Visitor: 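Pasting a structure below so you can have a look.
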Amino acid sequence: QVQLVESGGGSVQAGGSLRLSCAASGRAFSSYAMGWFRQAPGKEREFVAAIRRFSGITYYADSVKGRFTISRDYAKNTVYLQMNSLKPEDTAVYYCTARENVCAASGCADLQGYDSWGQGTQVTVSS
């Protein structure tokens, strides 16, 4: 498995931006598809975005499409989540995750398909 450490969370006003980072260590970073999920208090963990290995094809939840961008830097073994136009409903703990299995489209949004998880980073958006 790969070890994941998130950073970059914090508090921001609605309309603001944050960039989350996830540093990966352990097995070859390039062989993993990477994703971001989030969990708000009292709610289930939900898919936010994913980026496939090699092709770099990206997928997004409808709720963040056009506002969030997932990217990865192979030289730094890091995946990012750029979050713009933040809304109070984006408030949650954000988790970085990795999977060795190939995924496509809705399959990349399947929480059960991911093998490794970070500890999470809190994002709070105030109105």
Side-chain angles (χ1 to χ4, degrees):
Q1 290 188 337
V2 63
Q3 289 74 48
L4 305 171
V5 178
E6 302 101 331
S7 61
S11 297
V12 65
Q13 289 191 327
S17 299
L18 284 173
R19 188 177 80 157
L20 305 183
S21 299
C22 173
S25 61
R27 297 185 62 183
F29 175 69
S30 61
S31 64
Y32 288 83
M34 303 296 295
W36 288 94
F37 284 72
R38 67 186 181 187
Q39 187 166 19
K43 295 187 177 182
E44 294 186 349
R45 194 169 297 189
E46 64 175 6
F47 171 74
V48 175
I51 184 166
R52 290 176 60 175
R53 62 184 185 178
F54 308 131
S55 69
I57 294 173
T58 57
Y59 304 98
Y60 298 93
D62 288 342
S63 59
V64 307
K65 201 170 293 183
R67 300 188 297 122
F68 290 12
T69 302
I70 187 171
S71 61
R72 63 194 299 170
D73 186 329
Y74 288 96
K76 295 182 178 180
N77 283 1
T78 300
V79 63
Y80 303 98
L81 185 68
Q82 177 67 44
M83 305 185 295
N84 298 328
S85 303
L86 283 161
K87 305 175 181 180
E89 51 264 42
D90 294 319
T91 295
V93 177
Y94 283 70
Y95 296 91
C96 176
T97 185
R99 59 184 291 162
E100 290 189 87
N101 296 325
V102 175
C103 68
S106 61
C108 293
D110 180 9
L111 181 150
Q112 298 298 327
Y114 288 86
D115 311 303
S116 302
W117 294 84
Q119 82 287 353
T121 185
Q122 177 70 46
V123 171
T124 302
V125 184
S126 58
S127 58

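Source: prediction; values computed, not measured. The figures that follow rest on heavy atoms only: side chains count, while hydrogens, waters and symmetry mates do not.
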Visitor: Rounded to the nearest 0.5 Å, how far does OG of S71 lie from CE of M34?
Guide: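 M34 CE to S71 OG: 11.5 Å, rounded to 0.5 Å.
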
Visitor: What distance do Y94 atom OH and L18 atom CG have between them, rounded to the nearest 0.5 Å?
Guide: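 It is 9.0 Å, given to the nearest 0.5 Å.
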
Visitor: Looking at A28, is its backbone amide N or carbonyl O close enough to the side chain of S31 to form a donor-acceptor pair, meaning the two atoms are under 3.5 Å apart?
Guide: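 Pair found, side chain donor or acceptor close to backbone of A28.
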
Visitor: Tell me whether R99 forms a cation-pi arrangement with Y114, defined as NZ or CZ under 6.0 Å from the six-membered ring centre and within 45 degrees of its axis.
Guide: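 The answer is yes, since R99 meets both limits relative to Y114.
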
Visitor: Any chance CD of Q13 has more than 12 other-residue heavy atoms, nucleotides or ligands included, within less than 6.0 Å?
Guide: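 No.
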
Visitor: Nearest 0.5 Å, what's the CZ-CZ distance between R38 and R45?
Guide: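 One gets 13.0 Å once the value is rounded to the nearest 0.5 Å.
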
Visitor: Do T91 side-chain atoms and V125 backbone N/O form a donor-acceptor pair below 3.5 Å?
Guide: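 Indeed, once roles are kept as given, a pair shorter than 3.5 Å links the two residues.
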
Visitor: Looking only at heavy atoms, which two atoms of R72 and S30 are closest? And how far apart?
Guide: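 Looks like NH2-CA, 4.1 Å.
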
Visitor: On a heavy-atom basis, which atom in Q3 and which in Q1 lie closest, and how many Å separate them?
Guide: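 Of all heavy-atom pairs spanning Q3 and Q1, the closest is NE2-O, 3.6 Å.
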
Visitor: Can you name the closest pair of heavy atoms from S126 and P88 and give their distance?
Guide: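 Answer, listing the atom of S126 first, then P88: C-CG, 4.5 Å.
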
Visitor: Applying side-chain contact (heavy atoms from CB on, under 4.5 Å), run through R67 and M83 and close with a yes or a no.
Guide: CA-CA 6 Å; R67 300 188 297 122; M83 305 185 295; over 6 Å; no

Visitor: Is any side-chain N of the basic residue among D90 and K87 closer than 4.0 Å to the acidic one's carboxylate O?
Guide: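 Looking at D90 and K87, the cut-off is not met.
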
Visitor: Where do V2 and F29 land on the side-chain contact (heavy atoms from CB on, under 4.5 Å) test, with the steps shown first?
Guide: CA-CA 8 Å; V2 63; F29 175 69; 5.6 Å; no

Visitor: Locate the shortest heavy-atom distance separating F68 from V48; write the atom from each residue and the value.
Guide: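 For F68 versus V48, the nearest heavy atoms are CD2-CG1, 3.7 Å.
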
Visitor: Roughly how far, to the nearest 0.5 Å, is CD1 of I70 from CD of Q82?
Guide: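 One finds 12.5 Å between CD of Q82 and CD1 of I70.
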
Visitor: Do you know which two heavy atoms are closest between A49 and L81, and how far apart they sit?
Guide: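 Distance-wise, the nearest heavy atoms are CB-CD1, 4.2 Å.
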
Visitor: With sequence neighbours excluded, tell me which residues meet ring-ring contact (aromatic ring centres under 6.0 Å, His included) with Y80.
Guide: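 Per chain and number, Y80 pairs via ring-ring contact (aromatic ring centres under 6.0 Å, His included) with no residue.
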
Visitor: Would you indicate whether K65, at its atom NZ, is surrounded by more than 12 heavy atoms from other residues, nucleotides or ligands within a distance under 6.0 Å?
Guide: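 Enclosed.
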
Visitor: Nearest 0.5 angstrom please: L86 CG to S11 OG, how far?
Guide: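 Taking CG in L86 and OG in S11, the distance rounds to 11.0 Å.
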
Visitor: Can you give each donor-acceptor pair under 3.5 Å made by side-chain atoms of residues 101-113, sequence neighbours left out, with the distance rounded to 0.1 Å?
Guide:
from	atom 1	to	atom 2	distance (Å)
D110	OD1	Q112	N	3.0

Visitor: What distance do C22 atom SG and E6 atom CD have between them, rounded to the nearest 0.5 Å?
Guide: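 Separation between the atoms: 5.5 Å.
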
Visitor: Examine W117 and V5 and state if one hydrophobic cluster contains both, with Ile, Leu, Val, Met, Phe, Trp and Tyr joined whenever side-chain heavy atoms are less than 4.5 Å apart.
Guide: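 No, W117 and V5 fall in different hydrophobic clusters.
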
Visitor: Nearest heavy-atom pair of G118 and Y95: which atoms, and what distance?
Guide: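 Taking every non-hydrogen atom into account, O-CD2, 3.7 Å.
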
Visitor: Report the residues that fulfil salt bridge (Lys or Arg N to Asp or Glu O under 4.0 Å) with E100, sequence neighbours left out, ordered by chain and then residue number.
Guide: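 By the salt bridge (Lys or Arg N to Asp or Glu O under 4.0 Å) rule, E100 matches R27.
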
Visitor: Taking a hydrophobic cluster as the set of Ile, Leu, Val, Met, Phe, Trp and Tyr residues connected by side-chain heavy atoms closer than 4.5 Å, whether directly or through intermediates, do L4 and L20 fall within one such cluster?
Guide: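 Looking at the clustering, L20 is in the same group as L4.
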
Visitor: Pick out which of W36, Y32, F37 makes a side chain to side chain contact (heavy atoms under 4.5 Å, CB included) with T97.
Guide: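 Result for side chain to side chain contact (heavy atoms under 4.5 Å, CB included) with T97: F37.
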
